[in-house]
Amino acid sequence: MATTTAGSTQMFRGRVKAVPSGDSLVIMALTSKTPGPPLEKTITLSSLIAPRLARKGGVDEPFAWDSREYLRKLCIGKEVTFRVDYIVPSINREFGSVYLGDKNVAMLVVSEGWAKVREQGQQKVEASPVLADLLRLEEQAKQQGLGRWSKAPGAAEAAIRNLPPSAIGDPSNLDAMGLLAANKGTPMQGIVEQVRDGSTIRVYLLPDFQFVQVFVAGIQAPSMGRRATPEIVTGSDMSSDEPNGNVSGEPRGPLTSAQRLAISAASSNEVAPDPFGLEAKHFTEIRVLNRDVRIVLEGVDKFSNLIGSVYYPDGETAKDLALELVENGLAKYVEWSASMMEDDAKRRLKNAELQAKKTRLRSWTNYVPPATNSKAIHDQNFTGKVVVEVVSGDCIIVADDSVPYGSPLAERRVNLSSIRCPKIGNPRRDEKPAPYAREAKEFLRTRLIGRQVNVQMEYSRKVSMADGPTGGPADSRVMDFGSVFLLTPVKSEGDEAAPPTAGNQQAGMNVAELVVARGFGNVIRHRDFEERSNYYDALLAAESRSISGKKGLHSAKDPPVMHITDLTTASVKKARDFLPFLHRSRKTPAVLEYVLSGHRFKLLIPKETCSIAFSLSGVRCPGRNEPYSEEAIALMRRKIMQRDVEIEVETVDRTGTFLGSLWESRTNVAITLLEAGLAKLQTSFGSDRIPDAHLLEQAEESAKKQKLKIWENYVEGEEVSNGAAAVESKQKEVLKVVVTEVLGGGKFYAQTVGDQKVASIQKQLASLHLQEAPVIGAFNPKKGDIVLAQFSADNSWNRAMIVNAPRGVVETSKDKFEVFYIDYGNQEVVPYSHLRPLDASVSSSPGLAQLFSLAYIKVPNLEDDHGTEAAQYLSDHTLNSGKEFRAKIEERDISGGKVKGQGTGPVLLVTLVAVDAEISINAAMLQEGLARVEKGRRWDSKERQVALENLEKFQEEARTGRHGIWEYGDVHSDDEDSAPPVRKTGGRR
């Protein structure tokens with residue numbers, strides 16, 4: 001006999017949570033002093049031995065089920081008092097006395113004949129304090145033939161359950177579909193034997209004792225993770241092998257090496273429970289574990305798992321477990337299994353989840369409602385959108401005609417739910433398309449581009465991306481999935497029309513179903529409770545038809561091979577070699593694959609099996625960093641992206657780009673751009689060589705008269721730019737600006753007044769819902785990333801570029817990052833806690849702060865004598881809130897390259913004049929002796945020479961009065977005066 005130790009005489013109170021067998025109970029504390037479920041204890045009734053329930057592959061001992069049922073019905077859910085009488089350390093089990101009110105539960109069990117009293121033998125062991133009473137009651141039960149002591153002929157054999165295979169460890173023999181067909185919609189009685197997690201239970205279905213696992217329909221509770229060590233024997237196994245639950249009858253010895261290795265391997269795969277996973281499981285346990293429930297089967301998934309609604313008694317009423325979990329924020333609504341339910345039940349679950357979100361209950365603690373300014377992004381369903389791009393066989397981009405061109409909210413990427421098509425590859429990374437990838441993309445392109453669709457968004461998923469070029473950790477992004485329906489489907493040759501399914505009769509033809517039916521994609525085999533398409537069954541049926549028809553991916557034939565010569569990455573010589581082939585016919589059919597800019601595209605020429613870069617002759621749209629460039633690109637994406645077009649090629653330029661004219665549906669695309677005010681004619685191309693030249697001129701004149709877009713400040717006879725044009729005209733370009741930051745050496749940052757981009761960016765930033773501080777390690781901004789940063793001076797949040805970042809992964813919220821505020825020109829060091837990720841739709845727009853420098857003069861740098869005074873003077877006279885200046889552009893210096901941070905990048909050299917001032921800031925600084933006229937420069941126009949002479953008058957005034965830098969006489973020239981002139985730009989950059 002195993003060694004025992006004495007227990008305690010102290011009495012405890014608790015509630016019976018479970019009854020694993022006829023002689024043991026799981027009792028939990030009435031309250032919990034720590035977060036999470038209350039403590040619980042398994043108590044085996046002292047000195048009793050109940051009949052053993054069947055283990056895997058075995059059979060019950062006679063009366064085992066009746067014994068357990070007596071104790072279950074007597075105690076489950078009841079408040080009891082108990083004490084521990086003795087402990088058997090070798091099996092880590094506690095034996096005790098349990099009282100229901102003032103009645104000893106062990107005495108009740110023995111008196112009804114459902115357990116026998118353990119024989120003491122000659123060895124001294126611990127025993128129940130009421131052993132004598134138990135022996136007396138046992139003798140009475142035997143005499144009366146009660147319970148297991150029944151004297152009726154065949155009673156023992158009749159008291160053994162006839163268990164089906166699913167109940168003795170062989171669930172593969174369960175005919176799930178048959179069970180569903182026979183009982184769908186009909187309540188089935190059952191007893192819950194185990195709760196795997198908040199929304200998964202294992203049940204004995206009565207009266208046949210089918211042991212099944214049921215997933216609660218319409219919901220998903222937080223995961224319980226994965227345990228690291230082998231399962232501890234619990235439940236009915238704890239008391240079924242040996243008297244009083246001694247599993248082996250022998251003390252446990254030390255672990256062998258093999259066992260230690262097994263546990264170590266298991267530990268390495270441990271996954272912690274999701275937040276609120278333990279709480280959700282406990283919530284379900286205290287309501288249904290070892291309770292009588294009603295199960296209404298709703299469906300079966302592809303793994304033959306039963307999906308059903310679970311109802312448990314609460315007084316005189318029955319409660320819906322799914323609804324209770326959702327209302328308490330311990331489960332989330334999932335559409336894929338809810339689609340099996342009645343509409344009223346689905347609606348109740350959805351409403352309950354919405355209320356839990358509003359109150360941020362438990363699982364929704366950190367829930368952030370969708371941004372109110374992002375309707376096109378966050379609408380769950382939207383209709384009447386136009387498909388502008390087919391990314392691949394399972395991904396499209398739809399546009400909203402009600403949103404202006406160029407808006408970041410105008411387009412939305414939609415991945416088709418629950419299907420996967422061959423990868424299209426990436427030429428830049430030398431990735432070739434997988435078999436049937438081109439065919440899948442072309443299949444969708446010919447059917448969807450320019451067509452209106454109905455989109456039903458269903459779920460989002462965080463997807464890990466491949467490692468970056470530096471070999472760093474993989475990034476991740478969130479992908480939105482939905483079902484797409486053609487509103488007015490046109491059946492093409494070879495299309496297999498999908499039969500109507502529940503819910504899509506009015507939606508149109510399911511695009512994903514079409515793709516799968518043609519063999520261009522496979523249906524994803526989702527894991528348990530993974531969200532999926534609302535039309536998953538229809539997709540599986542379409543795939544089955546495709547497989548039986550041996551179509552596409554399922555064909556035994558070799559996949560088609562198409563070799564495309566990509567001239568966009570080839571040498572100029574190779575591009576010129578193709579020119580004669582494109583000259584053979586006046587107009588050549590093509591497919592516009594991508595819009596590179598408003599006037600430059602990537603085209604596929606099927607006839608010549610090549611891809612080319614193509615630019616419109618005689619037409620130029622604003623460059624990438626200029627106003628209206630994004631609108632020009634958006635217009636072209638909306639009008640001609642992935643459309644069948646015709647081109648007429650004239651020549652090839654020195655970069656290998658083909659020049660010519662392009663038509664879509666017999667409309668010259670250049671005319672569309674010019675009429676919209678998003679392009680200018682370039683007469684240097686020679687208008688006599690351009691088809692429809694007179695129509696292009698008429699279109700441009702029309703835009704000028706209406707002052708559309710780039711012509712909004714047009715004055716007849718003058719070429720006035722709208723803000724940051726690169727073409728220099730006879731009339732000097734003058735900008736209205738507001739100074740935002742002053743640097744040393746006469747440099748400063750300013751924003752252009754009236755620039756539409758300024759208002760657009762400010763509106764987008766104002767509408768953002770600021771997220772909580774990022775979790776350490778979840779957000780790792782790198783040098784060059786555009787983020788949201790909190791400016792220390794006024795605690796406002798603004799767009800900023802990371803200039804310097806700590807090496808490696810962020811470890812604390814105090815790690816420092818040097819940031820440059822791209823819309824204002826300020827630069828500072830901020831802690832990690834003052835940074836937030838920024839959506840790409842907001843971060844992609846160029847910075848609003850332009851770097852300027854005072855023209856014709858040399859201002860001391862901060863480290864030079866009088867440098868600080870010069871910077872202070874410039875600040876005092878420019879940094880007044882909202883004060884406007886006229887900045888006349890004298891020169892452009894692009895030698896600094898692209899913007900990289902404070903004081904670097906392209907510089908506009910300007911004469912700066914306040915609106916109400918008589919002289920320029922340039923002249924005023926000379927007058928104060930805080931700058932000098934820049935000598936040694938070869939100013940290339942008479943106008944500039946005159947300006948220089950005028951400025952020298954102000955400098956002479958300071959020199960004579962010994963102001964500032966002239967305090968000690970003449971200032972000697974330095975090396976900079978003899979430096980070569982700045983790099984100038986004539987025409988478009």
Side-chain angles (χ1 to χ4, degrees), residues 1-2 4-8 11-12 14 16 18-27 41-53 60-76 78 80-88 90-121 123-150 156 159 233-247 249 290:
M1 176 63 68
T4 62
T5 60
S8 170
M11 297 295 290
F12 300 93
V16 177
V19 181
S21 67
D23 59 5
S24 63
L25 306 97
V26 178
I27 304 173
K41 186 183 291 287
T42 299
I43 297 294
T44 303
L45 298 177
S46 298
S47 297
L48 294 194
I49 303 174
R52 294 179 300 178
L53 288 165
D60 289 346
E61 287 186 351
F63 302 101
W65 178 255
D66 299 308
S67 174
R68 202 288 295 263
E69 282 297 274
Y70 173 80
L71 186 59
R72 181 183 72 85
K73 294 176 180 178
L74 178 68
C75 297
I76 192 70
K78 304 284 184 63
V80 296
T81 55
F82 69 95
R83 68 168 177 264
V84 177
D85 297 329
Y86 57 93
I87 302 171
V88 180
S90 61
I91 57 173
N92 192 26
R93 182 158 304 164
E94 297 176 301
F95 296 81
S97 299
V98 180
Y99 293 88
L100 188 61
D102 58 353
K103 296 180 180 180
N104 186 313
V105 171
M107 295 176 68
L108 293 174
V109 170
V110 173
S111 66
E112 294 294 330
W114 296 122
K116 67 179 180 179
V117 181
R118 188 188 62 203
E119 296 179 3
Q120 292 297 106
Q123 291 180 314
K124 182 181 179 182
V125 295
E126 295 292 341
S128 169
V130 292
L131 179 59
D133 291 329
L134 292 175
L135 290 171
R136 177 178 53 81
L137 292 171
E138 181 185 48
E139 188 60 31
Q140 291 179 3
K142 285 180 179 180
Q143 293 176 2
Q144 298 175 24
L146 299 178
R148 65 177 299 167
W149 311 115
S150 174
V233 179
T234 58
S236 59
D237 295 339
M238 295 177 63
S239 59
S240 5
D241 292 336
E242 293 294 329
N244 282 332
N246 188 348
V247 176
N290 286 168

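Only this structure's heavy atoms are used, side chains among them; waters, hydrogens and symmetry mates stay out.
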Non-hydrogen side-chain atoms of [X] and [Y] separated by less than 4.5 Å:
X: Leu71; Y: Asp23; answer: no
X: Val105; Y: Tyr99; answer: no
X: Thr42; Y: Leu25; answer: no
X: Tyr86; Y: Ser128; answer: no
X: Ile27; Y: Val98; answer: yes

Kindly give the heavy-atom pair with the smallest separation between [X] and [Y], and that separation in Å.
X: Pro51; Y: Glu61; answer: CA-OE1, 3.4 Å
X: Ala156; Y: Pro62; answer: O-CB, 3.6 Å
X: Val26; Y: Pro20; answer: CG2-CG, 3.9 Å
X: Phe95; Y: Ser46; answer: C-OG, 3.4 Å
X: Val109; Y: Gly22; answer: CG1-O, 4.1 Å
X: Glu138; Y: Trp149; answer: OE2-CZ2, 3.6 Å

Looking at Lys78, I'd like to know if its NZ atom is crowded, meaning that more than 12 non-hydrogen atoms belonging to other residues, nucleotides or ligands lie closer than 6.0 Å.
yes
How long is the gap from [atom1] on [X] to [atom2] on [Y], to the nearest 0.5 Å?
X: Leu135; Y: Ser47; atom1: CG; atom2: OG; value: 8.0 Å
X: Glu112; Y: Met107; atom1: CD; atom2: CE; value: 12.5 Å
X: Lys116; Y: Leu48; atom1: NZ; atom2: CG; value: 11.5 Å
X: Trp65; Y: Asp60; atom1: CH2; atom2: CG; value: 8.5 Å
X: Arg72; Y: Ser67; atom1: CZ; atom2: OG; value: 12.5 Å
X: Lys142; Y: Ser150; atom1: NZ; atom2: OG; value: 14.5 Å

Hey, is the main chain of Val19 close enough, under 3.5 Å, to the side chain of Asn290 for a donor-acceptor pair?
yes
With the threshold set at 4.0 Å, does a side-chain nitrogen-carboxylate oxygen contact exist between [X] and [Y]?
X: Arg83; Y: Asp85; value: yes
X: Arg136; Y: Glu139; value: no
X: Lys41; Y: Glu94; value: yes

Mind running side chain to side chain contact (heavy atoms under 4.5 Å, CB included) on Asp66 and Trp114 for me, showing each step along the way?
CA-CA 8 Å; Asp66 299 308; Trp114 296 122; 3.5 Å; yes
Could you go through Leu100 and Val16, starting from their C-alpha distance and side-chain angles, then the distance that decides it, and tell me whether this counts as side chain to side chain contact (heavy atoms under 4.5 Å, CB included)?
CA-CA 10 Å; Leu100 188 61; Val16 177; over 6 Å; no
